[in-house]
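Because the structure is a prediction, the values reported are computed rather than measured.
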Amino acid sequence: MLINLLIEFPSFNVYSTPLLVLVLQGLIFAFLLFGKYRKKKSISYLILACILLITCYHRTTYTIGFMDWYDTYRNTKINYYLINLELILVPLIYFYVKSITVSDFRFKKQHIWHFIPGIVYFLLKVIILAYDASQLGFSETQNGYLVQNFEWKYVAPFHSMVSYIQMIVYLVLTLQLYVAYRKNIQQYFSNTYTLELNWIRNFLLIYTALFIYDIGQTMVDISITELSWMQKWWLQFLNALAIIYIGIKGYMTDTDKLKGLDFNITIASPFHSEGIKRELPLSEELQASRQMVSDYFELEKPYLDPDLNLNTLSRKLKMSRSQVSEVINEGFGKNFNDFVNSYRVEAVKQMLQEGKQEQLSLLGIAYDCGFNSKATFNRVFKKIAHTSPTEFVNSL
């Protein structure tokens, strides 16, 4: 009997092997992230490591299933130990993005409340295991009394509904965090390319796409036709692929760029809530400050510094960050990023009109004028000059 069991399990086939390989690689990246957390003490790496561990753990049911575990061990109790941690995973995604986009983020005791539903579900699963294990004949069956008559009938449907609702709510909250972050860096930094964190955008897109796929698959399974394990395998495979991408990018990306920065300043806006630009006259004090900032940019050319930000500019002008922000937003009707880059674009245009492109490349001119990347230069130039850099050169 033992020989037969060893022959039947594990079965490495076209379904089990890809999941096994990808999940094992995901676990490696999870432990690498744990190591990076111990080295850098940045909680974002710890949270992402937990996300990867849970995502890998969720693939276990299908991986061992396609390896013929359930067919070989007919009375296996492993499903009692493979607990769905979706109610814990979703808040972790939210806090991962928050730990990166909120410069002074600290995980506090009150944050534990986000994980209460997941903790309650975990304890319920422990109670179900303890009760079923105490019943006669438990060793002779795969699923005990409470699993069949309570969990499958009531707990599982309710858990799925709560998980989907939770995912929608937290995805909305996470997207709001990301959008607010993008606005903040526009008000604080003059070059934002390395800070835009397109990795976070891709991270959210991946989990949103997998969530939509999961809902679609569930709806088909419930209302149209019952899907087989083979048909459901694709969702597991896509999740396993996502593990590798998230593991690699999460490990390689520096998520500490905002550490120590303070975004807690009042940003004045030159627009009403309806999005219409204000036409109110500026106060004498604001006009004077506006002229001072304008003169400083014309004479000292601080925009040539690619690392110029609101903090350094306020020190040079001997003004508070709030004052500088108000002058730029109210006085010039622009955010900090657009204001500084408008000077850079004008400097580039001036150099091109002087024929500097005969000695320097277009990108070299952009770097001399304060830009720090080709992507930022092309995008900003077209936004401000309403034409591409190449088209502008040709127009000369």
Side-chain angles (χ1 to χ4, degrees), residues 40 42 44 97 100-103 177-206 245-246 248-261 263 267 297 300-314 316 324-325 328 332 334-396:
K40 303 192 74 172
S42 178
S44 61
V97 175
I100 296 174
T101 58
V102 178
S103 60
L177 273 178
Y178 181 63
V179 170
Y181 165 77
R182 296 287 290 243
K183 289 181 179 179
N184 274 333
I185 61 174
Q186 292 289 326
Q187 293 285 6
Y188 197 97
F189 297 97
S190 62
N191 274 312
T192 61
Y193 180 71
T194 59
L195 296 162
E196 286 173 356
L197 293 180
N198 290 333
W199 144 243
I200 293 298
R201 179 199 63 196
N202 297 341
F203 174 80
L204 293 175
L205 286 175
I206 286 171
Y245 173 78
I246 291 170
I248 294 173
K249 291 294 291 183
Y251 181 79
M252 299 299 293
T253 303
D254 180 11
T255 57
D256 292 333
K257 290 184 173 74
L258 298 187
K259 213 168 187 179
L261 293 180
F263 282 147
I267 303 294
F297 267 73
E300 301 297 330
K301 298 180 172 53
Y303 53 84
L304 297 180
D305 176 11
D307 296 321
L308 181 68
N309 60 48
L310 186 63
N311 205 37
T312 56
L313 181 61
S314 64
K316 290 178 179 180
V324 176
S325 174
I328 293 174
F332 294 93
K334 299 176 181 178
N335 61 43
F336 179 78
N337 184 265
D338 286 344
F339 175 70
V340 176
N341 282 327
S342 65
Y343 279 92
R344 289 173 176 159
V345 168
E346 287 302 316
V348 170
K349 290 165 70 175
Q350 182 65 35
M351 290 183 72
L352 292 175
Q353 289 167 346
E354 294 172 358
K356 297 293 185 181
Q357 65 272 26
E358 296 177 7
Q359 292 87 34
L360 291 171
S361 68
L362 197 55
L363 186 57
I365 292 173
Y367 283 150
D368 281 353
C369 294
F371 290 101
N372 67 351
S373 77
K374 181 179 180 180
T376 299
F377 169 57
N378 288 329
R379 185 182 62 195
V380 169
F381 193 96
K382 190 163 188 177
K383 176 183 177 182
I384 294 175
H386 307 293
T387 183
S388 70
T390 304
E391 290 170 345
F392 181 81
V393 171
N394 293 334
S395 71
L396 297 176

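For the 3.5 Å distance criterion, the side chains of Thr390 and Ser388 fail to qualify, holding no donor opposite an acceptor. Between Ser190 and Arg344, the side chains place a donor N or O and an acceptor N or O closer than 3.5 Å (distance only, hydrogens not considered). Checked by atom type, the side-chain pair Glu346/Gln350 shows no donor-acceptor distance below 3.5 Å.
Ring pair Tyr303/Tyr343 is parallel by interplanar angle, where below 30° counts as parallel and above 60° as perpendicular.
The CD1 atom of Ile185 lies 4.5 Å from the OG1 atom of Thr192; values are rounded to the nearest 0.5 Å. Between Asp305 atom CG and Asn191 atom CG the span is 9.0 Å, to the nearest 0.5 Å. Atom SG in Cys369 sits 10.5 Å away from atom NZ in Lys356 (nearest 0.5 Å).
Checked by atom type and distance alone, the side chain of Thr253 pairs as donor or acceptor with a backbone atom of Lys249 at under 3.5 Å. Thr376 places no side-chain N or O within donor-acceptor distance of the main-chain N or O of Ser373, the cut-off being under 3.5 Å. A donor-acceptor pair is defined here as one N or O able to donate and one able to accept, closer than 3.5 Å; such a pair exists between the side chain of Asn337 and the backbone of Phe189.
Identified under the salt bridge (Lys or Arg N to Asp or Glu O under 4.0 Å) test for residues 367-385, with sequence neighbours left out: Glu196-Arg379, Asp338-Lys383.
Residues Gln187 and Leu310 are not in side-chain contact: their nearest non-hydrogen atoms beyond the backbone lie 4.5 Å or more apart. With a 4.5 Å cut-off on side-chain heavy atoms, Val97 and Val102 do not count as touching. Considering only heavy atoms from C-beta on, Pro389 comes within 4.5 Å of Asn378 through its side chain.
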Could you go through Ile384 and Asn341, starting from their C-alpha distance and side-chain angles, then the distance that decides it, and tell me whether this counts as side chain to side chain contact (heavy atoms under 4.5 Å, CB included)? CA-CA 8 Å; Ile384 294 175; Asn341 282 327; 4.1 Å; yes
Should Phe377 and Tyr367 be marked as a ring pair (Phe, Tyr, Trp, His ring centres under 6.0 Å) after you check the CA-CA gap, both sets of side-chain angles, and the distance that decides it? CA-CA 9 Å; Phe377 169 57; Tyr367 283 150; 8.7 Å; no
What do the steps show when you test Phe381 against Phe392 for ring pair (Phe, Tyr, Trp, His ring centres under 6.0 Å), and what is the final call? CA-CA 10 Å; Phe381 193 96; Phe392 181 81; 5.8 Å; yes
Check against side chain to side chain contact (heavy atoms under 4.5 Å, CB included), Gln357 and Leu362: CA-CA 6 Å; Gln357 65 272 26; Leu362 197 55; 5.5 Å; no
Can you check side chain to side chain contact (heavy atoms under 4.5 Å, CB included) on Leu313 and Phe336, steps first, answer last? CA-CA 10 Å; Leu313 181 61; Phe336 179 78; 3.6 Å; yes
Less than 3.5 Å apart, which donor and acceptor atoms pair up between the side chains of residues 198-205 and the rest of the protein, not counting sequence neighbours?
unit_1	atom_1	unit_2	atom_2	d
Trp199	NE1	Tyr96	OH	3.1
Asn202	ND2	Asn198	O	3.4
Asn202	ND2	Tyr245	OH	3.2

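Applying the side-chain contact (heavy atoms from CB on, under 4.5 Å) test between Val380 and each of Val340, Val348, Val345 identifies Val345 as the sole match.
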